[in-house]
K.L.:
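Below is the structure I would like to discuss, written out as structure tokens.
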Amino acid sequence: MAFVIETAELTKHYGFWLWRRKEAALRQLTLAVPEGAIFGFLGPNGAGKTTTIRLLMQLIHPTAGQATVLGRPAGDLEAKRQIGFLPDSPAFNPYLTAAEFLGICARLLRLPADVRSQRIAAALATVGMEPHAREKLGGFSRGMLQRIGIAQAILNQPRLLILDEPLVGLDPHGRQELLDLIRE
């Protein structure tokens, strides 16, 4: 069985060298997520959910332990090319339209020019935001921004999708739509 995420005793402590005591944000997490699975972290604030995701994306480095993503060390560029990621609190330029923002993302992903507009349209349609493609992000509700964030996460047609707090800001209908999308 192939695993898309594997960790072995993954640990993260926060604290600077001047601090006497370091705070453990994550302690010896060992897990294996099989390919094709829908996997979620549940737990109270401070349980290490976001820390784990940041470690997997190598936005921060572990204190101890190891993580592999798509069979490669966490942070490997080849693996990152196959991941769609939505952080817990994304920031959007309010002066860009949804299509402009996704266009920038498509260029950063190095999508060929001849497929960019098609991918952008498909991502907007998938998250139900195509009627708002030419509207500025500054006028969007929290739920609409979350949908645009998900659109950017699926723009590269990733093999692995990592979403941190994906249901935040969505109304009950939007939550159900997103859960249906994830099942697809």
Side-chain angles (χ1 to χ4, degrees), residues 1-12 26 29-41 48-93 96-130 133 137 145-168 178-184:
M1 173 178 291
F3 295 104
V4 291
I5 296 172
E6 292 182 272
T7 67
E9 298 185 6
L10 194 60
T11 301
K12 178 64 180 176
L26 186 66
L29 176 67
T30 299
L31 65 85
V33 179
E35 190 161 4
I38 297 173
F39 183 86
F41 292 118
K49 302 178 300 290
T50 295
T51 296
T52 301
I53 290 172
R54 289 178 180 166
L55 288 165
L56 293 172
M57 294 301 298
Q58 204 182 31
L59 297 173
I60 58 176
H61 299 284
T63 304
Q66 298 177 10
T68 60
V69 179
L70 299 171
R72 296 176 174 268
D76 178 85
L77 288 178
E78 185 54 40
K80 281 188 171 185
R81 286 187 183 102
Q82 300 175 61
I83 298 172
F85 175 58
L86 177 64
D88 61 339
S89 298
F92 299 95
N93 183 322
L96 294 175
T97 67
E100 289 169 340
F101 169 70
L102 293 175
I104 291 168
C105 294
R107 285 189 292 283
L108 288 171
L109 290 166
R110 297 182 180 171
L111 295 178
D114 58 332
V115 300
R116 279 186 209 143
S117 60
Q118 177 186 354
R119 291 271 189 94
I120 291 167
L124 286 168
T126 299
V127 298
M129 291 295 291
E130 68 252 279
L137 298 174
L145 289 173
Q146 194 72 346
R147 289 171 185 264
I148 293 301
I150 293 165
Q152 71 76 30
I154 63 173
L155 201 54
N156 64 335
Q157 298 175 337
R159 186 172 155 207
L160 174 63
L161 187 58
I162 297 177
L163 308 173
D164 192 358
E165 302 281 355
L167 301 179
V168 170
L178 178 57
L179 292 172
D180 292 341
L181 172 64
I182 291 170
R183 282 186 203 101
E184 282 182 33

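By convention here, the first residue in the shown sequence is residue 1. What you are looking at is a predicted structure, and each value in this text was computed from that prediction instead of being measured.
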K.L.:
Taking all heavy atoms of Leu155 and all of Cys105, pick out the closest pair and write down the distance.
P.N.:
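It is CD2-CB, 3.9 Å.
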K.L.:
At what distance, to the nearest 0.5 angstrom, does CG of Leu163 lie from CD1 of Ile150?
P.N.:
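Between atom CG of Leu163 and atom CD1 of Ile150 there are 6.0 Å.
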K.L.:
Could you tell me the separation between the CZ atom of Phe85 and the CG atom of Leu161, rounded to the nearest 0.5 Å?
P.N.:
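Answer for the CZ-CG pair, Phe85 versus Leu161, is 10.5 Å.
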K.L.:
May I have the list of side-chain donor-acceptor pairs in residues 51-69 shorter than 3.5 Å, sequence neighbours left out?
P.N.:
| unit_1 | atom_1 | unit_2 | atom_2 | d |
| --- | --- | --- | --- | --- |
| Thr52 | OG1 | Gly48 | O | 2.7 |
| Thr63 | OG1 | His13 | N | 2.8 |

K.L.:
List the atom of Phe101, the atom of Leu96, and the distance in Å for their closest heavy-atom pair.
P.N.:
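The answer is CA-CD1, 4.1 Å.
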K.L.:
With rounding to the nearest 0.5 Å, note down the distance linking CZ in Phe39 to CD1 in Ile5.
P.N.:
7.5 Å
K.L.:
Of all heavy-atom pairs between Ala123 and Ala151, which one has the smallest distance, and what is that distance?
P.N.:
CB-O, 3.7 Å
K.L.:
My understanding is that only residues two or more places apart in sequence, or in another chain, count here; which of them pass salt bridge (charged side-chain N to carboxylate O under 4.0 Å, His left out) with Glu130?
P.N.:
none
K.L.:
Charged N to carboxylate O below 4.0 Å: is that the case for Lys49 and Glu165?
P.N.:
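No, this pair does not count.
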K.L.:
Quick check for you: to the nearest 0.5 Å, what is the distance between Ile120 atom CD1 and Ile104 atom CD1?
P.N.:
10.0 Å
K.L.:
Counting N and O atoms only, with roles assigned by atom type, does the side chain of Gln146 sit under 3.5 Å from a partner on the main chain of Pro166, one being a donor and the other an acceptor?
P.N.:
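Confirmed, Gln146 side chain pairs with Pro166 backbone.
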K.L.:
Any chance you could lay out the side chain to side chain contact (heavy atoms under 4.5 Å, CB included) test for Arg183 and Ile38, step after step, and finish with the verdict?
P.N.:
CA-CA 8 Å; Arg183 282 186 203 101; Ile38 297 173; 4.2 Å; yes
K.L.:
How close do Ala153 and Pro158 get, counting heavy atoms only, and between which atoms?
P.N.:
O-CG, 3.5 Å
K.L.:
For the residue pair Ala98 and Leu124, what are the closest heavy atoms and their distance?
P.N.:
CB-CD2, 4.4 Å
K.L.:
When rounded to the nearest 0.5 angstrom, what distance separates CG in Leu29 from CG in Leu10?
P.N.:
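So the CG of Leu29 and the CG of Leu10 are separated by 6.0 Å.
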K.L.:
Check the pair Val4 / Leu70 against side chain to side chain contact (heavy atoms under 4.5 Å, CB included), numbers first and verdict last.
P.N.:
CA-CA 4 Å; Val4 291; Leu70 299 171; 3.8 Å; yes
K.L.:
Do side-chain atoms of Gln152 reach the backbone of Gly149 as a donor and acceptor pair under 3.5 angstrom?
P.N.:
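Yes.
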K.L.:
Distance from Gln82 atom CD to Leu160 atom CG, nearest 0.5 Å?
P.N.:
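Here the interatomic distance stands at 9.0 Å.
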K.L.:
Cut-off 3.5 Å, no hydrogens considered: what does the side-chain donor-acceptor table look like for residues 109-118, sequence neighbours left out?
P.N.:
| unit_1 | atom_1 | unit_2 | atom_2 | d |
| --- | --- | --- | --- | --- |
| Arg116 | NE | Leu111 | O | 3.0 |
| Arg116 | NH2 | Leu111 | O | 3.3 |

K.L.:
If every non-hydrogen atom of Ala37 is compared with every non-hydrogen atom of Val33, which pair is closest and at what distance?
P.N.:
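Residues Ala37 and Val33, closest heavy atoms: CB-CG1, 4.3 Å.
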